[in-house]
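Here the structure is laid out as structure tokens; the discussion comes afterwards.
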Number of protein chains: 4
Amino acid sequence: MARGINKVILVGNLGNDPETKYTQGGMAVTTISLATTSVRKDKDGQTQERTEWHRVKFFGKLGEIAGEYLRKGSQCYVEGSIRYDKFTGADGVEKYFTDIVADEMQMLGGRAEGGGAPRREFSGGGEARQSRPSQPQGGAPRREAAPAKANDFGADFADDDIPF
Amino acid sequence: MARGINKVILVGNLGNDPETKYTQGGMAVTTISLATTSVRKDKDGQTQERTEWHRVKFFGKLGEIAGEYLRKGSQCYVEGSIRYDKFTGADGVEKYFTDIVADEMQMLGGRAEGGGAPRREFSGGGEARQSRPSQPQGGAPRREAAPAKANDFGADFADDDIPF
Amino acid sequence: MARGINKVILVGNLGNDPETKYTQGGMAVTTISLATTSVRKDKDGQTQERTEWHRVKFFGKLGEIAGEYLRKGSQCYVEGSIRYDKFTGADGVEKYFTDIVADEMQMLGGRAEGGGAPRREFSGGGEARQSRPSQPQGGAPRREAAPAKANDFGADFADDDIPF
Amino acid sequence: MARGINKVILVGNLGNDPETKYTQGGMAVTTISLATTSVRKDKDGQTQERTEWHRVKFFGKLGEIAGEYLRKGSQCYVEGSIRYDKFTGADGVEKYFTDIVADEMQMLGGRAEGGGAPRREFSGGGEARQSRPSQPQGGAPRREAAPAKANDFGADFADDDIPF
DNA sequence: TTTT
DNA sequence: TTTT
């Protein structure tokens, strides 16, 4: 029984290759940095560009797909919600993070620039929510080993998953 | 020539009355705190609630409307984009802010609870982008005086507009 | 592996009470007529209103919730996709229908006006996707009896479900 | 003062080259046919594909841009609203049309397939709402001549703009 | 047919 | 801090 709508729709390009980690429960958590650029005229008629870098997180199966098929430069569609988090560091200083938690992802046309690892041909999109190619291929494998200890979905994150 | 889509859609309730400031150029900048709550079942089958508090900013005419008609408890629809900002405080510490910059707002049904100042009857919507009632009424006036010195749209903000 | 995004977001009011039917498989299919009104200035500076009446369909559990809690006049948020259908009538004439197939619904504040049947207090939302009150109450029951013969989800529709 | 939200977001591919007409007032009206495909599993576990063909209309400057840069096969993002129209033909039969009226368009990566007319390199998008390349190039010109008689924006459509 |  |  949610109260309210918290919806984000992004189309942008990755600034770097995705990073995938695994929770103690073995759930993939992939993070990407996605750029969206807007342009406006300022008061002097000058064109002003501004790029937002969104930190987008994909969990579970969607995290595996994002980690395998997205690359630096990839263009993709993301739908999700905004999540604001606060952590207190060892120095006692509070740090704030804003993430987009993805519900859906689609790869869009356009060539990635990830160097020697040509991504699987996946043109025209391929909705990540519903299917997953059974035989990932191409380039170096993206998956890091999942922790041996597998718990339930929703288990605590591994230590190195703290975001700062 | 924007590159990418950065779109946010929110439906939520205000946690407080709006705050309206004015730039040196006389442009209204209204900020609200908008709650959206989601619910999920955790691994133990327990219902977990989580509320995100979005800081939403309205500029110009939309800022005036938001400042006049929204109140603590009001339910509204907001469409806009995400903007990430970083400021360095006097202490040299960097602070990060995430705002939703609104493009459109609609008031939704439901009664505000702003105490003695019954807001103008406006239930069921009234698209803020396009029209503005000529005679605001009801309760204490919401508008703070705009700075006497009016510059162009896009002028620098007054000192007290620094967000920390 | 969908190719493309087909997403609709509506906030509007119901022009009539919902209509719920059941497939042979026992799945609820609720249809509402939802109004959204836009306003623009024409070339003479005259304000022109235009209302679109969206035919929105809710299936399964969401269909049951929509049928029970929405009423004529209710304001709600709907998220879904557009579906275009063509049927050939007994007279050989093709008929076209456009539906919004809802994925999510939230009731918004505002009072319904469905006569003597005060709807359950549910104002301010209540995400239909996730929960369903166990004891519907108030007014005349909304549910028509589901067909005794229950098949699988996705079964053929009953005869009277043909949309013309 | 709109009442309600009527928003459509599409990402899809054009099934044909765009068609551009002009109103008596000289306003470009470009129509495209945009495919979005969804996939679901039916009750037998079979994968079912379904493609919706959206008729999307672009008016004014956006119509000119869409007509010049989109081609059969192009992938694009469209944001707009749904409009339902009814016309009565000379035979007295009512015909119904559903259009998506675009507010915004962005070309997405991916190669168009429009034969010999390579579209201008426009990778990564290029928001149609805000700017327009000053020197369109490549292939045969897409613009048909605008009617000599230019009226105000919003003028009646030419006869051949009737949609059936 | 709703709503304001 | 809202709302249910």
Side-chain angles (χ1 to χ4, degrees), chain A residues 1-6 84, chain B residues 10-19 31-39 47 49-56 65 69-78 106-115 119-128 130-133, chain C residues 10-19 31-39 47 49-56 69-78 106-115 119-128 130-133, chain D residues 1-6 84 86:
Chain A
M1 188 173 356
R3 294 181 292 281
I5 298 294
N6 171 2
Y84 308 98
Chain B
L10 304 174
V11 174
N13 294 274
L14 279 76
N16 283 302
D17 283 349
E19 293 184 12
T31 304
I32 65 170
S33 190
L34 193 71
T36 60
T37 300
S38 60
V39 178
T47 293
E49 277 206 1
R50 186 185 158 105
T51 296
E52 306 302 330
W53 287 98
H54 308 269
R55 190 167 78 160
V56 182
I65 295 166
Y69 296 109
L70 294 177
R71 285 295 174 277
K72 178 178 180 175
S74 297
Q75 187 182 36
C76 69
Y77 169 96
V78 168
Q106 272 195 39
M107 298 180 64
L108 300 173
R111 297 294 167 267
E113 299 172 354
R119 64 182 175 79
R120 181 188 175 82
E121 194 52 71
F122 217 68
S123 63
E127 188 181 35
Q130 307 197 39
S131 77
R132 180 188 164 195
Chain C
L10 304 174
V11 174
N13 294 275
L14 279 76
N16 283 301
D17 282 350
E19 292 183 12
T31 304
I32 65 168
S33 190
L34 193 70
T36 60
T37 301
S38 60
V39 179
T47 293
E49 276 206 0
R50 184 185 159 104
T51 296
E52 308 301 331
W53 286 99
H54 308 269
R55 191 167 76 159
V56 182
Y69 296 109
L70 295 177
R71 286 294 174 277
K72 178 178 180 176
S74 297
Q75 186 182 37
C76 70
Y77 169 95
V78 168
Q106 270 195 39
M107 300 181 63
L108 301 174
R111 296 295 167 267
E113 298 171 357
R119 66 182 173 78
R120 181 188 173 82
E121 195 52 74
F122 218 67
S123 62
E127 189 182 33
Q130 307 197 37
S131 77
R132 180 185 164 199
Chain D
M1 187 172 358
R3 292 182 293 282
I5 298 294
N6 171 0
Y84 309 98
K86 181 176 70 176

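Below, read A as the first sequence line, B as the second, and so on, with proteins coming before strands; counting in each chain starts at 1.
What separates CG of B:L14 from P of F:dT2 is a distance of 11 Å, to the nearest Å. Spacing between atom CG of C:L10 and atom P of E:dT2 amounts to 18 Å, rounded to whole angstrom units. Across the protein-nucleic acid pair, B:L34 atom CG and F:dT1 atom P stand 16 Å apart, rounded to whole Å. The distance between atom CG of B:L70 and atom C1' of F:dT2, rounded to the nearest whole Å, is 13 Å. For the pair B:L108 CG and E:dT3 P, the computed distance is 15 Å after rounding to whole Å. Look at CD on B:Q75: it is 8 Å from P on F:dT4, rounded to the nearest Å. Counting to the nearest Å, the P atom of F:dT3 and the CD atom of B:E52 are 18 Å from each other. In this entry the distance linking CZ of C:R55 with C1' of E:dT1 reads 15 Å, nearest Å.
With distances taken from any side-chain atom of C:E49 to the nucleotides F:dT3, E:dT4, F:dT1, the minimum falls on E:dT4. Side-chain atoms of B:S33 lie closest to F:dT1 of the nucleotides F:dT1, E:dT1, F:dT3. Of the candidates E:dT2, F:dT3, F:dT2, the closest approach to any side-chain atom of C:T51 belongs to E:dT2. Counting only heavy atoms from C-beta on, B:K72 has its side chain closest to F:dT2 among E:dT1, E:dT2, F:dT2. Looking at the side chain of D:R3, the nearest of the listed nucleotides E:dT4, F:dT1, F:dT3 is E:dT4.
At a cut-off of 3.5 angstrom, counting only N and O atoms as typed in the model, there is no donor on one side facing an acceptor on the other between the side-chain of B:N13 and the base of F:dT3.
A:N6 is listed as a side-chain neighbour of B:L10, based on a closest heavy-atom distance under 4.5 Å.
Of the possible polar contacts, none joining the C:Q106 side chain to the C:V78 backbone as a donor-acceptor pair under 3.5 Å is found.
Tested against C:L70, the residues C:D17, C:I32, C:V56 include a single side chain to side chain contact (heavy atoms under 4.5 Å, CB included) partner, C:I32.
Here the closest heavy-atom approach between residue C:G109 and residue B:Q75 is recorded as N-OE1, 3.0 Å.
With centroids closer than 5.5 Å and planes inclined by less than 30 degrees as the test, B:W53 and the base of F:dT2 fail to qualify as a stacked pair.
Considering only residues two or more places apart in sequence or on other chains, B:S33 meets the side chain to side chain contact (heavy atoms under 4.5 Å, CB included) condition with B:W53.
In this structure, B:T36 reaches neither bases nor backbone, as no heavy-atom distance under 4.0 Å exists between it and the strands shown.
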